[in-house]
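Okay, structure first, notes after.
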Protein chains: 2
Amino acid sequence: MATIHDVAQQAGVSVTTVSRVLNNRGYISEATRKKVFETMDALNYQPNEIARSLLRKQSNIIGLIIPNVSHPFFSELASQVEYYAYENGCKVLLCNSQLDPAKERDYIEMLKRNRVDGIIMGSHTLEVEEYVSLRSPIVTIDRRIGEKIPFISSDNYRGGVLATELLIRKGCRKLAHICGNLELDLLANSRSEGFRDTADKHGIEHMTIQTDMNVFDQEQYARIIQELLDQHPDVDGIFATSDIIAAFAVKGCVKIGRRVPDEMRIIGYDDVSAAAWLTPAITTVQQPIAEIGRLAVELIRRQLDGEPYEVDNTLPVELIERATT
Amino acid sequence: MATIHDVAQQAGVSVTTVSRVLNNRGYISEATRKKVFETMDALNYQPNEIARSLLRKQSNIIGLIIPNVSHPFFSELASQVEYYAYENGCKVLLCNSQLDPAKERDYIEMLKRNRVDGIIMGSHTLEVEEYVSLRSPIVTIDRRIGEKIPFISSDNYRGGVLATELLIRKGCRKLAHICGNLELDLLANSRSEGFRDTADKHGIEHMTIQTDMNVFDQEQYARIIQELLDQHPDVDGIFATSDIIAAFAVKGCVKIGRRVPDEMRIIGYDDVSAAAWLTPAITTVQQPIAEIGRLAVELIRRQLDGEPYEVDNTLPVELIERATT
DNA sequence: TTGTACGCGTTATCAC
DNA sequence: GTGATAACGCGTACAA
């Protein structure tokens, strides 16, 4: 692959001149500029970004660490992050932690060694201390890990309240809430609090079921739903912490002939696109995924540029009523 | 951030020595090795991969260009690619082309400038010539672009045959096939041939509907289905080119009271995980997504290492019968 | 308007 | 066993 020297030699100028036309800096005569451009594409020259990065001490790469892109919520988030990163001239390095602390740690170190501009953390299996040691700009999604480290999350508590109130308003008498593993220190856990508080306030019987820490374990979802329907036949309303789990709840009901929404009302969380095209379409609490992605990239950039930024970025949620309630 | 010089100075040795312990090369006394290691984590030293890459002329980065990760098929593919890349000590750069030729071209050039180890092309909006010019190892998914460039695809023709035969066997009298835009030069187009040939062979009436070139345009899917059901009420079997489109077909039927599978049989393609947890679960032609991802990474590595490799990697498909047939 | 020389952080080569 | 030094490809003072 041709280097800047090759171009310079071929064009009969110095490397400085080539560099100048490349970066459009300083004064150069129209003649040399043209000649340089010509030899550049004659040689099919592509400037070596690695050398540039080394010099500038910036890679223009953003690391995105999430449990797994194959989960609809994270795939949509990744899509948005990529979109806004591209708009800002950045590249996205995709890291699936699988919620494995070793892999997450490994990825963090890899990103540091590669001098990424910043890290968007959507996976949180490590202790807070491990993150603060890294100096590079960081943004967390759905977890607070320090006084000055910006985090983005939807208004989880309010989401829990909205969902629960809807179920109660629709006449549910006994509620179940299926959430992620509460051992993980996530802001999403507030959904459970919102659920509990609201049910208590209305004097409605309720229960909460945690999933394991595995990523997106569909068999587990099916099993949990089945056990719930089996052991608590009087439950007539479910608030699931994701649309996928809600979909499994629907499936479990259909399987045993429980009619949705007449005999069982179900509500999810996230509003991934699947929630809309499922049959029946799932009532859900919408997170503003595009805004989360946009903000994540912006917060990295702001830290990089030394601009002021908000630490607490709690975004509003919206209840989307569809066919399962 | 500390450099190798800082470590050397602090430890009272030369940079060469530090480099040696870092890479475990040559002979070094146990004493110095220990001392170097100590100062390394005292300074929280992380070797600069960018400098390494510059020297080695290898970045250990694989570029993955796909239409959009938010599409379930590509999100699952991306997940697998990341999995196997990680196993091979590689990183994955995520590039969504949005099926926009300008963005795809832009990403290709970016990847070249960043001297990636190889490119996995899952988006194909450009002419063949534009790909062959890049020297770096490349693997295409679902498109053949040259005699020596390896491609991976499922056995699309056979998938089309299997799906169509099933519909016919189940008693369908008039079939509709919804495929992607046939302007795109994709091997997936063979599914349509398999469909047509099989229907012809059995003397079954059939029609084919193309979608636009937009990525994952859900409103379009809904519209196409509605028009189909509206204008061709006698169609009683649909072969969709993706599970998502199949899901929209189910939704459209439910909406107008057409019972699935009694009055309308529907079959998708891919077998993304959603196909299993949808209600009803979707009958589909399974692509071996994990194997595609594994192979893609391996083919990059083989080209890099100068090992022999297969050009035609057509993988077997499997018909998965579920509730929509 | 253009060229020379140095440094970015590493590793490989050769010398001691 | 260990240390100087020259690359890798580029950008930028500084000089001309």
Side-chain angles (χ1 to χ4, degrees), chain A residues 1-37 39-40 43-61 89 109-117 135-136, chain B residues 1-37 39-40 43-61 89 109-117 135-136:
Chain A
M1 177 138 296
T3 78
I4 199 171
H5 286 96
D6 302 331
V7 178
Q9 188 169 14
Q10 187 89 4
V13 297
S14 77
V15 290
T16 314
T17 307
V18 179
S19 176
R20 283 216 184 84
V21 325
L22 207 54
N23 300 287
N24 222 347
R25 238 185 282 288
Y27 301 99
I28 31 185
S29 75
E30 207 40 60
T32 41
R33 152 178 266 118
K34 184 161 167 254
K35 189 169 52 182
V36 169
F37 270 128
T39 55
M40 273 194 336
L43 294 179
N44 205 343
Y45 170 71
Q46 297 279 7
N48 187 329
E49 278 300 327
I50 298 179
R52 283 179 161 179
S53 297
L54 180 60
L55 201 62
R56 293 195 328 254
K57 299 164 180 301
Q58 276 215 9
S59 57
N60 282 336
I61 293 182
E109 298 212 326
M110 180 277 279
L111 293 175
K112 287 177 69 173
R113 287 194 304 269
N114 281 85
R115 303 297 191 264
V116 296
D117 285 7
R135 295 292 176 70
S136 69
Chain B
M1 178 139 295
T3 77
I4 199 172
H5 285 96
D6 302 330
V7 177
Q9 187 168 11
Q10 188 90 4
V13 296
S14 77
V15 290
T16 314
T17 306
V18 179
S19 178
R20 282 215 184 85
V21 324
L22 207 55
N23 299 289
N24 222 351
R25 241 187 280 286
Y27 301 98
I28 31 183
S29 74
E30 208 40 60
T32 40
R33 155 179 262 118
K34 186 162 166 254
K35 189 168 52 183
V36 169
F37 269 128
T39 55
M40 272 193 340
L43 293 179
N44 204 342
Y45 169 71
Q46 297 279 7
N48 187 330
E49 279 300 326
I50 298 180
R52 285 180 162 177
S53 297
L54 180 60
L55 203 60
R56 292 196 329 254
K57 300 166 181 302
Q58 275 216 7
S59 58
N60 281 336
I61 293 181
E109 299 212 322
M110 182 276 280
L111 293 174
K112 287 177 70 172
R113 287 195 304 270
N114 282 84
R115 304 297 191 266
V116 296
D117 286 7
R135 297 290 177 72
S136 68

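No hydrogens, no waters, no symmetry mates; every other heavy atom, side chains included, goes into these values. Protein chains get the first letters and strands the later ones, always in sequence-line order, with residue 1 at the start of each.
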B:N23 side-chain N/O to B:R20 backbone N/O, donor-acceptor pair under 3.5 Å:
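Such a contact is absent between B:N23 side chain and B:R20 backbone.
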A:S53 (side chain) donor-acceptor with A:E49 (main chain) under 3.5 angstrom:
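Side chain of A:S53 to backbone of A:E49, a donor-acceptor pair under 3.5 Å: yes, one is there.
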Of B:V13 and B:L55, whose closest DNA chain D nucleotide lies nearer the 5' terminus?
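By nearest-heavy-atom nucleotide position, the 5'-most residue is B:V13.
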A:Y45 OH to A:Q10 CD distance, which is reported to the nearest 0.5 Å:
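Output value for this atom pair is 14.0 Å.
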Pick out the pairs of N or O atoms, protein on one side and nucleotides 4-6 of chain C on the other, that lie under 3.5 Å.
{"unit_1": "C:dT4", "atom_1": "O4", "unit_2": "A:T16", "atom_2": "OG1", "d": "2.7"}

Nearest-Å distance, [atom1] ([X]) to [atom2] ([N])?
{"X": "B:R56", "N": "C:dA12", "atom1": "CZ", "atom2": "P", "value": "9 Å"}
{"X": "B:I4", "N": "C:dG7", "atom1": "CD1", "atom2": "P", "value": "18 Å"}
{"X": "A:N114", "N": "C:dG9", "atom1": "CG", "atom2": "P", "value": "15 Å"}
{"X": "A:E49", "N": "C:dC8", "atom1": "CD", "atom2": "C1'", "value": "15 Å"}
{"X": "B:R25", "N": "C:dT10", "atom1": "CZ", "atom2": "P", "value": "15 Å"}
{"X": "B:Q9", "N": "C:dG9", "atom1": "CD", "atom2": "P", "value": "13 Å"}
{"X": "A:I50", "N": "C:dT11", "atom1": "CD1", "atom2": "C1'", "value": "15 Å"}
{"X": "A:K34", "N": "C:dT1", "atom1": "NZ", "atom2": "P", "value": "18 Å"}

Quick one: label [X] by what it contacts on the DNA or RNA (base, sugar-phosphate, nothing), any heavy atom closer than 4.0 Å.
{"X": "A:S53", "answer": "nothing"}
{"X": "A:S29", "answer": "sugar-phosphate"}
{"X": "B:E30", "answer": "nothing"}

Closer than 4.0 Å, any side-chain N/O of B:S19 to the OP1 or OP2 of C:dT11?
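Yes, within the criterion.
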Boundaries of the chain B footprint along DNA chain D (any atom under 4.0 Å from a heavy atom):
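First-to-last contact on DNA chain D, by the 4.0 Å heavy-atom rule, is D:dG1 to D:dG9.
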Test A:I4 against every option in A:S14, A:P47, A:S19 by the side chain to side chain contact (heavy atoms under 4.5 Å, CB included) rule and name the one that passes.
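Output: one option passes, namely A:S19.
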Are there over 12 heavy-atom neighbours, none belonging to A:Q9, within less than 6.0 Å of that residue's CD?
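For A:Q9, atom CD is not crowded (no more than 12 foreign heavy atoms under 6.0 Å).
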Find out whether [X] and [Y] are in side-chain contact, i.e. whether some heavy atom of one side chain is under 4.5 Å from a heavy atom of the other.
{"X": "A:R115", "Y": "B:N48", "answer": "yes"}
{"X": "B:S59", "Y": "B:D117", "answer": "yes"}
{"X": "A:V21", "Y": "A:T32", "answer": "no"}

Check against side chain to side chain donor-acceptor pair (under 3.5 Å), A:N114 and B:R52:
CA-CA 10 Å; A:N114 281 85; B:R52 285 180 162 177; over 6 Å; no
